[in-house]
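Only one structure is covered here, and it is reproduced in the block below.
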Amino acid sequence: MNKKSSLKKLRMSTITAFRWYLALTFFIYGMAKIYPGQFSTGDFIFDSTKDSAMQLAWHFFGYSHTYNLFIAFGELTAALLLLIPRTATLGNIIYLPITVNITILNYCFGIPALGISSVLTLMSISLLLFEYKKLRMIFLANPVIGKESIQPKKIKKQVNIN
């Protein structure tokens, strides 16, 4: 086996492993928001001298069941798209802003899942970098105009004025 094919297999294996790991993680987190519910629900009193910023964040996110379902839907959609090879890039484009938001929340509110969310963010960025050529063609490259373009036929109409 030559070096080029080994590198290609390593690249494809890494991409597949990252996709599956990201999808599995978001599938678990998405389902946790639906049942039994990841965030605290119900009435709460926040005492800033005793309660942590994480408790405030958890009560805030748990306040609206609809918002929980919205977050869960985004995570589950990204996870499902990542599992299908043809839609994996779109799934990762959806995944990245969600995981960046989670990482920033974890950092700002002292949530202990900062390590895993940072790893997920870096894996998502890595996947986008692996797809750089494809994304560049879609978003940055000028569209290719074929040599044979359809030209409208010029019809000469004669008008007789008497």
Side-chain angles (χ1 to χ4, degrees), residues 1 4-141 143:
M1 185 179 329
K4 189 173 182 176
S5 66
S6 295
L7 287 175
K8 185 174 181 176
K9 285 183 181 183
L10 177 63
R11 180 181 182 274
M12 293 309 295
S13 297
T14 303
I15 289 171
T16 303
F18 280 16
R19 282 182 32 232
W20 280 83
Y21 186 79
L22 292 173
L24 178 64
T25 305
F26 257 25
F27 183 74
I28 292 168
Y29 280 123
M31 292 306 291
K33 286 173 182 62
I34 296 172
Y35 182 82
Q38 181 180 3
F39 303 117
S40 307
T41 57
D43 293 335
F44 72 95
I45 298 173
F46 181 75
D47 183 355
S48 63
T49 61
K50 296 178 186 173
D51 296 332
S52 68
M54 178 181 164
Q55 288 173 308
L56 176 64
W58 249 234
H59 283 294
F60 174 78
F61 287 119
Y63 184 78
S64 170
H65 183 67
T66 304
Y67 187 69
N68 270 325
L69 293 177
F70 175 75
I71 295 171
F73 177 75
E75 291 175 346
L76 292 172
T77 300
L80 180 64
L81 291 172
L82 276 167
L83 291 176
I84 303 166
R86 290 182 67 103
T87 60
T89 304
L90 175 61
N92 194 31
I93 290 171
I94 294 170
Y95 197 101
L96 183 61
I98 296 171
T99 194
V100 166
N101 184 50
I102 291 168
T103 302
I104 291 170
L105 284 169
N106 290 347
Y107 178 77
C108 293
F109 287 93
I111 298 169
L114 180 60
I116 187 68
S117 64
S118 298
V119 169
L120 295 175
T121 300
L122 291 174
M123 288 173 78
S124 181
I125 291 169
S126 297
L127 280 179
L128 286 178
L129 291 175
F130 278 127
E131 302 291 342
Y132 175 75
K133 287 181 183 176
K134 182 194 309 185
L135 293 171
R136 194 177 109 225
M137 291 296 293
I138 294 171
F139 294 112
L140 300 176

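Residues take their numbers from the sequence shown, with the count starting at 1. Please read all numbers here as calculations on a predicted model, not as lab measurements.
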*Hey, are the side chains of Leu135 and Ile93 touching, using non-hydrogen atoms and a 4.5 Å cut-off?*
yes
*How about Arg11 and Ile15: do any of their side-chain heavy atoms sit closer than 4.5 Å?*
yes
_On a heavy-atom basis, which atom in Ala72 and which in Gly30 lie closest, and how many Å separate them?_
CB-O, 3.4 Å
*asked:* Using the ring-ring contact (aromatic ring centres under 6.0 Å, His included) criterion, which residues pair with Tyr67? Sequence neighbours excluded.
replied: Phe61
*Output all residues satisfying side-chain hydrogen bond (donor to acceptor under 3.5 Å, both in side chains) with Thr77, sequence neighbours left out; order by chain, then residue number.*
none
_Contacts of type side chain to side chain contact (heavy atoms under 4.5 Å, CB included), residue Leu24, not counting sequence neighbours_ = Ile28
Solution key, residues 80-88 side-chain donor-acceptor pairs under 3.5 Å, sequence neighbours excluded:
from	atom 1	to	atom 2	distance (Å)
Thr87	OG1	Leu81	O	2.8
Thr87	OG1	Ile84	O	3.3

_Inter- and intrachain pairs under salt bridge (charged side-chain N to carboxylate O under 4.0 Å, His left out), touching residues 48-63, at least two apart_ = none
_What's the separation between atom CZ in Phe18 and atom CD1 in Ile125, rounded to the nearest 0.5 Å?_
11.5 Å
*Measure across Ala78 and Ile94 and return the closest heavy-atom pair with its distance rounded to 0.1 Å.*
CB-CG2, 3.9 Å
*Is there a side-chain contact between Ile102 and Leu120 (heavy atoms, below 4.5 Å)?*
no
*Inter- and intrachain pairs under salt bridge (charged side-chain N to carboxylate O under 4.0 Å, His left out), touching residues 99-119, at least two apart*: none
*Kindly say whether Leu114 contributes a backbone atom to a donor-acceptor pair with the side chain of Ser117 at under 3.5 angstrom?*
yes
*asked:* Do Tyr29 and Ile71 make a side-chain contact, defined as non-hydrogen atoms from C-beta onward lying under 4.5 Å apart?
replied: no
*Partner residues of Asn68 under the side-chain hydrogen bond (donor to acceptor under 3.5 Å, both in side chains) criterion, sequence neighbours left out*: none
*asked:* Quick one, Leu22 with Leu127, criterion side chain to side chain contact (heavy atoms under 4.5 Å, CB included). Give me CA distance, side-chain angles, the key distance, then yes/no.
replied: CA-CA 10 Å; Leu22 292 173; Leu127 280 179; 3.6 Å; yes
_Tell me which pairs pass ring-ring contact (aromatic ring centres under 6.0 Å, His included) where either residue lies in residues 99-136, with sequence neighbours left out._
none
*With the side chain counted from C-beta on, respond yes when Asn92 and Arg19 share a heavy-atom pair under 4.5 Å apart, and no when they do not.*
no
*Looking at residues at least two apart in the chain, or sitting in another chain, which of them share a salt bridge (Lys or Arg N to Asp or Glu O under 4.0 Å) with Lys134?*
Glu131
*Could you note down all residue pairs passing salt bridge (charged side-chain N to carboxylate O under 4.0 Å, His left out) where residues 61-82 supplies at least one of them, sequence neighbours left out?*
Lys33-Glu75
*In Å, rounded to the nearest 0.5 Å, how long is the span from CG of Leu128 to OG of Ser124?*
5.0 Å
_Show every salt bridge (charged side-chain N to carboxylate O under 4.0 Å, His left out) that has at least one partner inside residues 89-103, sequence neighbours left out._
none
*Would you say the side-chain atoms of Thr121 and Thr103 include a donor-acceptor pair closer than 3.5 Å?*
yes
_Pairs meeting criterion ring-ring contact (aromatic ring centres under 6.0 Å, His included) with involvement of residues 74-102, two or more places apart_ = Phe26-Tyr95
